[in-house]
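Single-structure report; data block below.
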Amino acid sequence: MSLYENRLISSEVQQVNPEISQPMQVELLGTQEVLKLLNISESTYYRLVKNGSLIPTKIGSRHYYRKNDLDAIFELFRRKK
């Protein structure tokens with residue numbers, strides 16, 4: 001995600017809740033970054049979203065994921081093996 005997109009998201013948060021003076025810095029990954037990270041195709045990605053295995057944060061029509069959430073999922077799968 002670009003710096004511009006991070007700033008845009010921060011400004012949207014400010015508009016939704018103006019009481020937030022310092023928005024928490026969260027690293028968000030877009031769909032393409034998740035595809036590369038998980039090494040999956042776009043059709044597999046949408047199947048995982050549809051069956052609830054991946055739950056995106058939607059901003060407009062775009063899907064985003066917090067990097068620390070994906071890291072937690074990876075850790076969970078490592079422990080199961």
**Asked** Rounded to the nearest 0.5 Å, how far does CG of Leu35 lie from CD of Glu42?
**Response**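 Answer rounded to 0.5 Å: 6.0 Å.
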
**Request:** First locate atom CZ of Arg47, then atom CD1 of Ile40, and finally report the distance between them rounded to the nearest 0.5 Å.
**Result:** 8.5 Å

**Message:** Tell me every residue that passes side-chain contact (heavy atoms from CB on, under 4.5 Å) with Ser61, counting only those two or more places apart in sequence or in another chain.
**Reply:** none

Validation: residues 48-58 side-chain donor-acceptor distances under 3.5 Å, sequence neighbours left out:
unit_1 : atom_1 : unit_2 : atom_2 : d
Asn51  : OD1    : Ser53  : N      : 2.9
Asn51  : OD1    : Ser53  : OG     : 2.7

**Asked** Which atom pair, heavy atoms only, marks the closest approach of Leu28 to Arg66?
**Response**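 Distance-wise, the nearest heavy atoms are CD2-CG, 3.6 Å.
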
**Asked** Can you name the residues that form a side chain to side chain donor-acceptor pair (under 3.5 Å) with Tyr45, not counting sequence neighbours?
**Response** His63, Tyr65

